[in-house]
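Bear in mind the structure is a predicted one, so any value in this text is a computation, not a measurement.
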Amino acid sequence: RCDADRLSLTSRAYLRDERGFFRTSDPGTYSFARLQRLHAEGRLYAPYGGEIVIDETARRVYASNGGNIGVKYYLKPARGAKWAVERGVDNLWDDIPGLGVTPGEDLGYPTQKTEALLERVIRTATNPGDLVLDCFMGSGTTLAVAQRLGRRWIGCDNNLGALQTARRRLQAEAARDSSAAGMAIYRLGDDLRPPGELLEATVQIERSPDDATCVTVAIIEVTSPALRELLARFEGTGVQTPLDWRVLVDCVTIDPDYDGAVLRGALVDAPRKKSAQVAGVYTFSAPAHPVTVAVRITDLLGAEALITARV
């Protein structure tokens, strides 16, 4: 985009006809019929002062003075005294940077795609309110972008690492966007999970004696058979193992008014930096009447514990 009052200064980058400023793009694989329609709309450009020639017999469209024809894309007025540039998008998307040059998005998932790529796919294929299904959601890029663009979504994966990465990402998204707070996450086949995946947590949940609307959640300890087995491997090796349970916890989600069906993450503690740790103690506002507070704790291995208390 360029400012309207600076348009004359940037006009060297554009061509101009009776309809305004425009740029051109190669028509690529447009069919003869499509080129005819574009010509009827005044959207074809012939270089060197030539004219567009429509050869019905040869089903060919070309420029009378030589050179390659182009499709015109006009500058359009936008909000705030801006002009938006419309351009064609073909099947070679070399204008979208890869994950290597957008490190702020990198979640460490091996097949992660950039948000810019999924935004183009979703904007192209859906309208606001449509339902987006990702059967192999991986790091959750599709779902996070769909949420941001006002689409409904369903994501599936059978990899525990993918589930944890995507859920952690979506919980953080829900914490920033209140419209995502109703997100429901279901895990099918929980009865088939090995006992080692279950977390054991000691948590205190209580109201302040001085303010009935103030609730404090304090996580005292978190462990599991799998974590104890992992730490036991280092006994006698001289390797220092973590003493603080927070080192092993990846995410804490709190719903101050849990309905027993959908956990709404009103408070999410999911540090983005790998060196950061969860706080462990949380104070927040809750309705003055009795409510059920739910706390979900997830460790680095994808195991979780859900603790509830009526306060």
Side-chain angles (χ1 to χ4, degrees), residues 1-106 111-132 134 141-142 144-151 153:
R1 294 181 176 180
C2 59
D3 293 328
D5 57 358
R6 296 180 57 197
L7 188 57
S8 60
L9 300 178
T10 61
S11 61
R12 288 175 297 175
Y14 299 90
L15 299 169
R16 189 176 188 180
D17 61 14
E18 65 280 0
R19 296 174 59 183
F21 289 94
F22 65 91
R23 279 180 170 173
T24 63
S25 178
D26 189 279
T29 58
Y30 277 150
S31 66
F32 177 70
R34 176 60 174 153
L35 291 175
Q36 283 183 303
R37 289 196 297 271
L38 287 170
H39 179 55
E41 297 168 2
R43 294 279 308 281
L44 290 186
Y45 171 76
Y48 310 124
E51 297 180 353
I52 297 296
V53 178
I54 305 291
D55 188 339
E56 294 279 359
T57 303
R59 297 184 65 79
R60 176 170 168 253
V61 180
Y62 60 94
S64 62
N65 290 346
N68 297 322
I69 65 172
V71 179
K72 299 178 182 179
Y73 293 95
Y74 289 90
L75 285 174
K76 295 183 176 180
R79 289 182 298 178
K82 302 285 186 178
W83 291 79
V85 180
E86 178 188 2
R87 65 179 183 83
V89 177
D90 57 19
N91 59 357
L92 182 63
W93 294 356
D94 56 1
D95 60 311
I96 295 179
L99 196 62
V101 294
T102 53
E105 294 183 23
D106 193 356
T111 60
Q112 183 179 349
K113 307 299 187 296
T114 65
E115 293 184 2
L117 174 63
L118 269 300
E119 179 173 343
R120 178 169 293 177
V121 172
I122 292 172
R123 284 188 183 277
T124 302
T126 68
N127 295 313
D130 284 353
L131 181 62
V132 175
D134 188 349
T141 304
T142 301
V145 174
Q147 173 65 40
R148 206 170 303 148
L149 295 178
R151 275 68 168 173
W153 50 262

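- Taking every heavy atom of both residues into account, Ser64 and Val53 meet most closely at CB-CG2, 3.9 Å.
- The side-chain heavy atoms of Leu99 and Lys113, taken from C-beta on, include no pair separated by under 4.5 Å.
- Heavy atoms of other residues, nucleotides or ligands lying less than 6.0 angstrom from CZ of Arg34 number more than 12.
- Here the side chains of Gln36 and Glu56 are in contact, with some heavy-atom distance below 4.5 Å.
- Interatomic distance, CD of Gln112 versus CG of Leu117, reported as 11.5 Å (0.5 Å rounding).
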(request) For the pair Thr142 and Trp153, evaluate side chain to side chain contact (heavy atoms under 4.5 Å, CB included) and give the outcome as yes or no after the intermediate values. (result) CA-CA 9 Å; Thr142 301; Trp153 50 262; over 6 Å; no
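- Counting only heavy atoms from C-beta outward, the side chains of Leu131 and Arg151 never approach each other to under 4.5 Å.
- Glu51 CD: 12 or fewer foreign heavy atoms inside a 6.0 Å radius.
- Atoms NZ and CZ, on Lys72 and Phe21 in that order, are 13.5 Å from each other to the nearest 0.5 Å.
- Atoms CZ and CG, on Arg60 and Leu35 in that order, are 12.0 Å from each other to the nearest 0.5 Å.
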(request) Assess whether side chain to side chain contact (heavy atoms under 4.5 Å, CB included) is satisfied between Leu38 and Val71, documenting all intermediate values. (result) CA-CA 8 Å; Leu38 287 170; Val71 179; 4.0 Å; yes
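- Looking only at side-chain heavy atoms (C-beta outward), Thr57 and Arg59 stay at 4.5 Å or farther from each other.
- Across every non-hydrogen atom of Gly66 and Pro47, the tightest pair is O-CG, 3.5 Å.
- A side-chain donor-acceptor contact under 3.5 Å links Asp17 to the backbone of Gly20.
- With salt bridges taken as basic N to acidic carboxylate O contacts below 4.0 Å, none links Glu119 and Arg148.
- Distance check: Ile52 CD1 to Leu44 CG gives 5.0 Å after rounding to the nearest 0.5 Å.
- Tyr73 and Ser25 make their closest contact through CE1-CB, 3.5 Å (heavy atoms, listed as atom of the first residue, atom of the second, distance).
- Taking both residues in full, the closest heavy atoms of Leu15 and Tyr45 are given as CD1-CZ, 3.6 Å, listed atom of the first, atom of the second, then distance.
- From Glu41, atom CD reaches atom CZ of Arg19 across 8.0 Å, with rounding to the nearest 0.5 Å.
- Side-chain contact between Ile54 and Tyr62 is absent, with no heavy-atom pair separated by less than 4.5 Å.
- The local environment of CG in Asp106 is crowded, with over 12 non-hydrogen atoms from other residues, nucleotides or ligands closer than 6.0 Å.
- For the pair Arg123 and Leu149, the minimum side-chain heavy-atom distance is below 4.5 Å.
- By the 4.5 Å heavy-atom criterion applied to side chains, Val132 and Thr126 are counted as neighbours.
- A cation-pi arrangement is not found for Arg23 relative to Tyr74, the charged atom failing to lie both closer than 6.0 Å to the ring centre and inside a 45° cone about the ring normal.
- Residues Leu75 and Tyr14 meet the side-chain proximity criterion, which asks for heavy atoms closer than 4.5 Å.
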